[in-house]
Trainee: 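Below is the structure I would like to discuss, written out as structure tokens.
We count ligands from 1, going down the list as the structure has it; atoms in each ligand are counted the same way.
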Amino acid sequence: MIYSRITGTGGYLPDKVLTNYDLEKIVDTSDQWIRERTGIRERHIAADGQNTVDLAEQAARRALQAAGRDPQDIDLIIVATTTPDRVFPSTACLLQKRLDRHGCAAFDLQAVCTGFVYALGVADKFVRTGSARCALVVGSETLSRVLDWKDRSTCVLFGDGAGAVVLEASEEPGILSSHLHADGAYEHLLSVPGGVSQGYDSFKDGKGFVTMKGNEVFKVAVNTLGRIVDETLEANALDKSDIDWLIPHQANIRIIQATAKKLKMPMDRVVVTVGEHGNTSSASVPLALDVAVRDGRIKAGETLLMEAFGGGFTWGSVLLKF
Ligand code: COA
């Protein structure tokens with residue numbers, strides 16, 4: 001039996017930090033409101049000319065280094081992103097060029113904030129079926145480019161960043177299961193309404209920016225993430241107490257706390273980066289993983305539950321032995 005195992009993690013955040021106090025000067029908001037409603041204190045913003053592939057490359061190189069791998073070892077690249085640099089080629093192909101790796105499969109995966117969880121689930125299937133032995137799985141976003149910086153209900157929530165893992169074939173698990181879901185009936189609650197096939201005019205009048213019915217998204221997210229936790233535990237015949245670490249999507253501390261409560265998990269077993277990163281969409285889970293691996297909290301052999309929820313709606317989880 002072939003399993004897939006994470007053998008290295010990497011993360012990258014742009015240098016520029018935008019605090020809640022900085023935002024007070026841009027829109028009618030306050031540090032107190034943002035912290036109390038979301039848990040966010042600051043977020044990182046990509047510099048002019050710094051694009052999604054630039055962030056992805058940094059995170060990817062760090063993950064490769066941690067895994068002791070060279071770009072030539074990679075036989076699959078998946079980049080989860082909703083903010084690709086171009087209509088085409090994919091950001092994965094642009095990353096492949098940066099890494100000077102030629103010929104292996106490379107593609108983007110778009111599942112918004114659930115993108116990395118989807119990408120890890122897909123890469124796991126490639127590895128388990130023998131189609132890949134060493135996959136590079138990246139979540140990279142420049143969400144700041146699709147925010148309306150005059151809309152206080154959205155611009156305070158998001159940030160830029162990238163996270164990556166190297167996923168390799170192994171005789172030992174590894175990824176135990178992945179659970180991926182979507183329901184497009186909710187597309188109107190969270191979206192960027194403009195799009196290429198509608199013509200470039202569709203980006204006018206603010207339609208190129210994130211629009212969101214925040215409190216409705218909040219309710220569905222809490223319920224859905226509660227259900228995915230049950231589904232994941234049941235599929236693996238595990239008890240809540242078997243999970244060592246929860247690595248949730250970092251959108252809002254209140255959503256994270258609700259999932260932790262459902263798992264009866266103390267918050268010191270939950271990796272929380274939302275305060276410093278904001279919501280970095282598909283980068284949020286791999287960035288949180290990387291932070292907790294590098295600071296020594298997450299150790300080899302521990303059981304991790306990753307979960308995410310995002311536009312679509314999409315949602316999913318990955319349960320794994322680290
Ligand atoms: N600063 C100050 N006030 C703000 C504000 C801001 N940045 N944004 C909104 N408000 C105001 C609203 O205008 C509203 O004012 P009103 O009562 O006078 O109409 C009030 O705050 C409450 O707004 P509401 O949207 O009900 O707040 P909330 O408690 O639901 O918190 C979110 C808003 C967005 C933080 C919260 O709903 C949320 O996190 N939702 C999920 C978002 C998410 O996770 N999205 C990504 C999924 S991947």
Side-chain angles (χ1 to χ4, degrees), residues 18-43 80-83 109-119 139-144 146-161 163 180-193 209-228 247-260 272-275 277-288 306-317:
L18 188 72
T19 67
N20 292 347
Y21 296 107
D22 296 327
L23 280 165
E24 286 180 356
K25 294 174 198 141
I26 302 173
V27 285
D28 180 15
T29 191
S30 66
D31 170 60
Q32 190 187 358
W33 190 96
I34 302 170
R35 264 191 297 109
E36 286 179 4
R37 302 283 178 129
T38 72
I40 301 168
R41 290 195 310 278
E42 57 190 35
R43 68 289 289 143
T81 188
T82 302
T83 47
L109 192 154
Q110 213 272 50
V112 203
C113 298
T114 320
F116 178 80
V117 167
Y118 260 69
S140 185
E141 303 281 7
T142 46
L143 252 286
S144 63
V146 289
L147 294 177
D148 177 355
W149 289 97
K150 294 190 190 76
D151 177 8
R152 68 177 184 174
S153 71
T154 52
C155 75
V156 304
L157 303 175
F158 297 93
D160 300 333
L180 310 178
H181 297 279
D183 189 345
Y186 291 101
E187 52 83 17
H188 58 290
L189 293 185
L190 176 57
S191 85
V192 174
F209 298 130
V210 172
T211 61
M212 182 173 68
K213 295 206 169 76
N215 43 17
E216 293 183 51
V217 175
F218 188 95
K219 284 179 222 150
V220 185
V222 169
N223 289 332
T224 308
L225 290 171
R227 284 204 309 276
I228 195 104
I247 303 163
H249 172 47
Q250 312 282 325
N252 185 314
I253 189 68
R254 292 184 291 143
I255 299 177
I256 295 172
Q257 284 163 342
T259 312
V272 179
T273 53
V274 70
H277 298 180
N279 180 349
T280 57
S281 194
S282 72
S284 109
V285 168
L287 265 170
M306 298 175 175
E307 46 86 341
F309 179 89
F313 288 146
T314 54
W315 63 99
S317 66

Trainee: Carefully, step by step, assess Thr280 and Glu141 under the rule side-chain hydrogen bond (donor to acceptor under 3.5 Å, both in side chains).
Mentor: CA-CA 7 Å; Thr280 57; Glu141 303 281 7; over 6 Å; no
Trainee: Nearest 0.5 Å please: distance from the NE2 atom of His181 over to the OG1 atom of Thr314.
Mentor: 11.5 Å
Trainee: Is there a side-chain contact between Asp31 and Leu23, using heavy atoms and a 4.5 Å cut-off?
Mentor: no
Trainee: When rounded to the nearest 0.5 angstrom, what is the spacing between CD1 in Ile247 and CD1 in Ile256?
Mentor: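 Rounded to the nearest 0.5 Å, the CD1-CD1 separation comes to 11.5 Å.
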Trainee: Flag the pair Thr38 / Leu157 as yes when at least one side-chain heavy-atom distance between them is below 4.5 Å, and no otherwise.
Mentor: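 Yes. Closest side-chain heavy atoms under 4.5 Å.
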Trainee: Could you list each nitrogen or oxygen of ligand 1 that sits under 3.5 Å from a protein nitrogen or oxygen, with the atom names and the distance?
Mentor:
{"residue": "ligand 1", "atom": "1 (N)", "partner": "Thr29", "partner atom": "OG1", "Å": "2.7"}
{"residue": "ligand 1", "atom": "3 (N)", "partner": "Trp33", "partner atom": "NE1", "Å": "3.4"}
{"residue": "ligand 1", "atom": "7 (N)", "partner": "Thr29", "partner atom": "OG1", "Å": "3.1"}
{"residue": "ligand 1", "atom": "7 (N)", "partner": "Arg152", "partner atom": "O", "Å": "2.9"}
{"residue": "ligand 1", "atom": "13 (O)", "partner": "Arg152", "partner atom": "NH2", "Å": "2.9"}
{"residue": "ligand 1", "atom": "21 (O)", "partner": "Trp33", "partner atom": "NE1", "Å": "3.4"}
{"residue": "ligand 1", "atom": "26 (O)", "partner": "Asn215", "partner atom": "ND2", "Å": "3.2"}
{"residue": "ligand 1", "atom": "27 (O)", "partner": "Arg37", "partner atom": "NH1", "Å": "3.2"}
{"residue": "ligand 1", "atom": "29 (O)", "partner": "Arg37", "partner atom": "NH1", "Å": "2.7"}
{"residue": "ligand 1", "atom": "29 (O)", "partner": "Arg254", "partner atom": "NH2", "Å": "3.4"}
{"residue": "ligand 1", "atom": "37 (O)", "partner": "Gly214", "partner atom": "O", "Å": "3.1"}
{"residue": "ligand 1", "atom": "37 (O)", "partner": "Asn215", "partner atom": "N", "Å": "3.4"}
{"residue": "ligand 1", "atom": "39 (O)", "partner": "Asn252", "partner atom": "ND2", "Å": "2.6"}
{"residue": "ligand 1", "atom": "40 (N)", "partner": "Gly214", "partner atom": "O", "Å": "2.9"}

Trainee: Any idea how Tyr186 and His188 line up, ring-wise: parallel (<30°), tilted (30 to 60°), or perpendicular (>60°)?
Mentor: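 Ring orientation, 0 to 90° scale: parallel.
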